[in-house]
Student: 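Below is a structure I'd like to ask you about.
Given the structure is predicted, the values throughout are model-derived calculations rather than measurements. Reminder, nothing fancy here: chain letters follow the sequence lines and each chain counts from 1.
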Amino acid sequence: MGEKLTEYERRRLENIKRNDEMVAALKIHSRLNDLSAAAAASKRQRDESKSSKRSPVKKPRSESPVVLRRSLRSRGVPPDAATASGPNDDLTGRKLTFKNPQWNSRESTEVEGPLKMSGTYLGGDDGLNQKLIRTILQCSKKSVLSSDGDKGPRDSTVKLEKSEEFEKFIPGKRLTGSIDVNAFQLKPENIARVVPSRIMSLKFFPTVDMEMVVAGNKFGDVGFWNVNRKNEGGGGIYLYHPHSRPISGIVIDPFCISKMYTSCYDGFIRLMDVEKEIFDMVYYSDYTVYSMSQSPHDVKSLYFSEGRGGVNKWDVRAGKSCLKCDLHDERINTIDFNSENENIMATSSSDNTARIWDLRRINAVKPTPLKIVSHKRAVHSAYFSPTGKFLATTSLDDKVGLSSGANYEDTSMVYHYNRTGCWISTFRGIWGWDDSSIYIGNMKRGLDVISVEEAKTVTTLGSDLVSAITCRYEAHPYNVGMLAGATGGGQVYIWTQS
DNA sequence: TACCGGTTTAAATAC
DNA sequence: GTATTTCCAACCGGTA
């Protein structure tokens, strides 16, 4: 693992060196230009970048983007050149936002076109990249075979084969079942550092054929951890760099796990297509993509947020947007869908609200939500319970909101300290496998379990093995009782039932 | 309302 | 262990 970090740092240093060379080249170039014009252009770039970072235009899609990025393809640069392009002054635009100028250069991942998986692999040895590809393809093949039949997938774990839920297994629909929160255990072998730095997104592969977790960090790295050491390739960690900025969302197609979508603050949405061994470009936005989600009822659409309050519904088959609307006044932090009602969606936003929407009624210019859950500060998540009867909202106002009722009209607020500060990601209360509990990290490196019935924190799980605050959690969709927590230092902890 | 700048604050690394 | 460094968030309140 230390070697991986070293390799990662080596790649970063290489990148910085490339950037330095480009900066040096630019200096020579700028001598040829009028100094005042260069200064004005520089100031304009700064201003534009700040306005797009701190306060993206209110109606991003109805106005022309201020900064246009020129397609590298149109400039004759091969689209699959993962590391071929250095940063370029006319492409940095809104990227000029950091104090350290080294970070302001356009990164090699920000090219409009596919990136080879091998080119973005940070482990050095391409044999390991190939190993991950083989592992995912093997499982994907199994899943396809089994979802074509009527019996459900063949499962390699004894536990699920014996469970009643196994018979009900449907790709895209998470399993439900009650568990004893006091039976959670953290085993030393279920701890790993999957990426360097802060984890922003965490997902399990939606399959019962292996236990694979994916983590996206703030540098645009995506790490894979094949958790179960008993399986072939188990314990392996694989690190890629397909983006340049924080990974805001990960979506894996439950019907085809060799297709994984990632969204990023850099405005890119990529599709890791394991069969083609590429991170393909699905979409590029001039505005920050803060979140991405997929409806379990419609896996051929991606929903993602853009800039200040916009939501874009993307048709992955047609490769085009099929709906754009403004749903909030500030950035949208999460998008979630009701598992029981295909028309219901929830969004959480830094405009201090979470909103519940009827998808049939958001085509309007000024769509009206079915329900607004109001907090006093930014709302960082809004998730439906497994049955869809509850909505849990997590806000920086130190409250976890619980909304229920036919139209979610009954809202109660549970106190939970949520001020995570500047070094770690915000907390998000998630659901497990029934409607009884919400799982959320705390500032003392513990895992709080909030009882819905009692409307308070009833249990706090902890372990001496946990060395940092777990800010993001993910429940395994098909493996009841498997809960992953992620830290600001790149570690992932997986709690299991016995 | 856009913008500026102060503030919060954890964890890796260096000693 | 303890001190030092990090400086790719995000919020809030003051100001023009």
Student: Is the distance from the ring center of A:Phe384 to that of A:Tyr408 below 6.0 Å?
Tutor: yes
Student: Please confirm whether the shortest side-chain N or O distance from A:His380 to OP1 or OP2 of C:dC11 is below 4.0 Å.
Tutor: yes
Student: Using a 4.0 Å heavy-atom cut-off across all strands, classify A:Thr426 as base, sugar-phosphate, or nothing.
Tutor: nothing
Student: Measure from CD1 on A:Ile424 to P on C:dA10 and round the result to the nearest Å.
Tutor: 12 Å
Student: So if I take every side-chain heavy atom of A:Arg198 and compare against C:dA9, C:dC11, B:dA2, which nucleotide ends up nearest?
Tutor: C:dA9
Student: So, does A:Tyr290 get its side chain near the phosphate of C:dA9, meaning an N or O under 4.0 Å from OP1 or OP2?
Tutor: no
Student: Within the distance-only criterion (no hydrogens, no angle test), does the side chain of A:Arg193 pair as donor or acceptor with the backbone N or O of A:Gly489 below 3.5 angstrom?
Tutor: yes
Student: With sugar-phosphate meaning primed atoms plus P, OP1 and OP2, does A:Tyr417 contact a base, only sugar-phosphate, or nothing at under 4.0 Å between heavy atoms?
Tutor: sugar-phosphate
Student: On the 0 to 90° scale, with breaks at 30° and 60°, tag the A:Tyr265-A:Tyr290 ring pair as parallel, tilted or perpendicular.
Tutor: perpendicular
Student: With the side chain of A:Cys422 defined as its heavy atoms from C-beta on, choose the nearest nucleotide among C:dA9, B:dA2, B:dA10.
Tutor: C:dA9
Student: Can a side chain N or O of A:Gln491 be found less than 4.0 Å away from OP1 or OP2 on B:dA12?
Tutor: yes
Student: Mind checking whether A:Trp357 and A:His328 have parallel, tilted or perpendicular rings, split at 30° and 60°?
Tutor: perpendicular
Student: Tell me whether A:Asp266 is salt-bridged to A:Arg270, with the criterion being a basic N under 4.0 Å from an acidic carboxylate O.
Tutor: no
Student: Do any side-chain nitrogens or oxygens of A:Arg193 fall under 4.0 Å of OP1 or OP2 in B:dA11?
Tutor: no
Student: May I have the distance from A:Lys376 (atom NZ) to C:dA10 (atom P), rounded to whole angstrom?
Tutor: 23 Å
Student: Take the protein atom CG of A:Asp329 and the nucleotide atom C1' of B:dT1, then report the distance between them rounded to whole Å.
Tutor: 13 Å
Student: Measure from the side-chain heavy atoms of A:Ile469 and tell me the nearest of C:dC11, B:dA11, C:dC8.
Tutor: B:dA11
Student: Grab the CD1-C1' distance between A:Ile199 and C:dC8 for me, whole Å please.
Tutor: 16 Å
Student: In whole angstroms, how far is the C1' atom of B:dA11 from the CE atom of A:Met443?
Tutor: 12 Å
Student: Give the rounded distance in Å between these two atoms: CZ of A:Phe427 and P of C:dC11.
Tutor: 15 Å
Student: Can you check the A:Glu330 CD to C:dA10 P distance for me, whole Å?
Tutor: 13 Å
Student: Using a 4.0 Å heavy-atom cut-off across all strands, classify A:Arg419 as base, sugar-phosphate, or nothing.
Tutor: nothing
Student: Would you say A:Ser381 and A:Thr394 are linked by a side-chain donor-acceptor pair, where the criterion is simply a distance under 3.5 Å?
Tutor: yes
Student: Expressed in angstrom and rounded to an integer, what is the separation of A:Asn217 atom CG from C:dC8 atom C1'?
Tutor: 10 Å
Student: Compare the minimum distances between each of C:dC8, B:dA11, B:dA2 and the side chain of A:Arg245, then state the nucleotide with the smallest one.
Tutor: C:dC8
Student: For C:dC8 and A:Ser244 - does any side-chain N or O of the residue sit under 4.0 Å from the phosphate oxygens OP1/OP2?
Tutor: no
Student: Would you say A:Arg331 reaches C:dA10's phosphate, i.e. side-chain N/O to OP1/OP2 under 4.0 Å?
Tutor: yes
